[in-house]
Amino acid sequence: MNLKPTIVIIEDEKNICDFIRTTLTTHGYKAITASSGQEGLSFITSHLPDLILLDLGLPDMDGIEIIKNVRGWSLIPIIVISARSQEEEKVLALDSGCDDYITKPFGTSELLARIRTSLRRYQASQAMADPHPLYTCDDLTIDLSKRLVTLRGQEIHLTQVEYKLVSLLAKNSGRVLTYDHIIHTIWGPYADNSNNQILRVNMAHIRRKLENNPAEPRYIFTEIGVGYRMKESQT
Ligand code: CA
């Protein structure tokens with residue numbers, strides 16, 4: 001699948017936001033922009049990006065609040081982009097859990113280098129945390145280190161959220177995962193009832209892509225009223 005890495009940019013200064021978006025999209029990233037903290041948080045939970053670029057001075061909240069919120073449920077890399085150059089503010093952002101810090105003004109190559117480093121570090125830590133990077137069952141293979149899903153040798157294209165769901169189920173194959181467990185693992189502790197519907201919609205899309213006959217699934221089973229179970233990996 002080799003998804004384009006998705007980056008959420010939270011920045012209220014339009015010029016800077018446009019500059020970053022253009023830089024990222026021309027260098028192979030998918031960029032999603034938010035101009036307020038609330039919008040940013042909602043894009044983070046709906047798109048589950050690979051990385052967050054965060055301005056600290058936002059119209060509705062301090063960027064530090066966003067770092068604390070996200071760190072409550074995820075280790076997605078966060079790079080702070082700020083006009084603030086005082087040391088104590090960098091320390092506060094880093095202590096709150098951001099991964100790196102870029103001070104405005106900054107150049108394209110510096111930005112891209114910092115992004116590559118953070119993504120590499122995060123992917124390496126994810127791969128090490130996963131003892132079984134390969135799921136195989138009948139015609140379906142999921143290579144968790146390459147983020148590659150194939151069915152009868154054909155690559156299957158999943159969205160970011162679909163992939164997170166499938167990989168969570170694959171890592172726990174053979175076990176029933178409850179709706180609540182799945183929702184809180186994917187969308188964090190602040191997930192609410194609206195996520196139940198989002199989960200159902202995403203699972204329906206996944207089944208259409210992976211199952212010959214979604215009404216008689218071979219790989220992902222519904223445990224009615226409880227959750228989902230993925231057929232046990234054969235590796
Ligand atoms: Ca700002």
Side-chain angles (χ1 to χ4, degrees), residues 3-126 159-161 163-164 184 186-192 194-195 198:
L3 285 172
K4 278 186 183 180
T6 302
I7 298 181
V8 165
I9 307 160
I10 309 174
E11 167 64 80
D12 61 321
E13 282 169 72
K14 194 173 178 308
N15 290 344
I16 296 175
C17 198
D18 289 347
F19 162 71
I20 297 174
R21 179 174 48 202
T22 307
T23 302
L24 295 184
T25 49
T26 55
H27 287 85
Y29 297 99
K30 180 177 173 192
I32 295 159
T33 61
S35 57
S36 72
Q38 276 307 336
E39 193 180 34
L41 280 172
S42 108
F43 288 168
I44 291 166
T45 49
S46 57
H47 292 277
L48 303 174
D50 297 288
L51 187 137
I52 299 161
L53 290 173
L54 176 67
D55 176 31
L56 290 181
L58 296 166
D60 57 339
M61 65 174 79
D62 195 304
I64 297 288
E65 295 307 310
I66 295 182
I67 299 174
K68 288 180 178 163
N69 178 315
V70 172
R71 279 294 169 267
W73 60 277
S74 171
L75 293 172
I76 302 172
I78 302 173
I79 301 178
V80 160
I81 292 179
S82 177
R84 303 174 194 183
S85 55
Q86 289 89 344
E87 259 174 17
E88 58 267 35
E89 277 168 333
K90 292 184 187 179
V91 170
L92 179 60
L94 290 165
D95 279 348
S96 304
C98 83
D99 297 87
D100 203 352
Y101 198 113
I102 303 179
T103 306
K104 295 172 187 170
F106 55 88
T108 305
S109 50
E110 183 189 4
L111 174 68
L112 291 169
R114 299 288 185 96
I115 289 172
R116 281 194 303 271
T117 303
S118 285
L119 286 175
R120 208 165 40 229
R121 203 162 47 204
Y122 182 58
Q123 279 157 4
S125 69
Q126 296 282 95
T159 67
Q160 182 92 342
V161 173
Y163 178 75
K164 299 243 166 160
H184 287 111
I186 303 287
W187 289 283
Y190 305 102
D192 57 32
S194 68
N195 291 89
I198 297 171

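All ligand and atom numbering here is 1-based and tracks the order in the structure. Scope of the values below: all heavy atoms of this structure, side chains included, with no hydrogens, waters or symmetry mates.
Coordination check, Asp55 versus the Ca ion (ligand 1): passed, since an N/O/S atom of the residue sits under 3.0 Å. Not one N/O/S atom of Leu58, from backbone or side chain, sits under 3.0 Å from the Ca ion (ligand 1).
At a threshold of 4.0 Å, the pair Asp50-Lys4 does not count as salt-bridged, since none of the basic side-chain nitrogens sits closer than that to a carboxylate oxygen.
Under a 3.5 Å cut-off, the side chain of His47 and the backbone N or O of Phe43 do not form any donor-acceptor pair. Side-chain N or O atoms of Glu11 include one that pairs as donor or acceptor with a backbone N or O of Glu13 at under 3.5 Å.
Closest N/O/S atom of Asp12 to the Ca ion (ligand 1): OD1.
Atom NZ of Lys164 sits in a crowded spot, with more than 12 heavy atoms from other residues, nucleotides or ligands closer than 6.0 Å.
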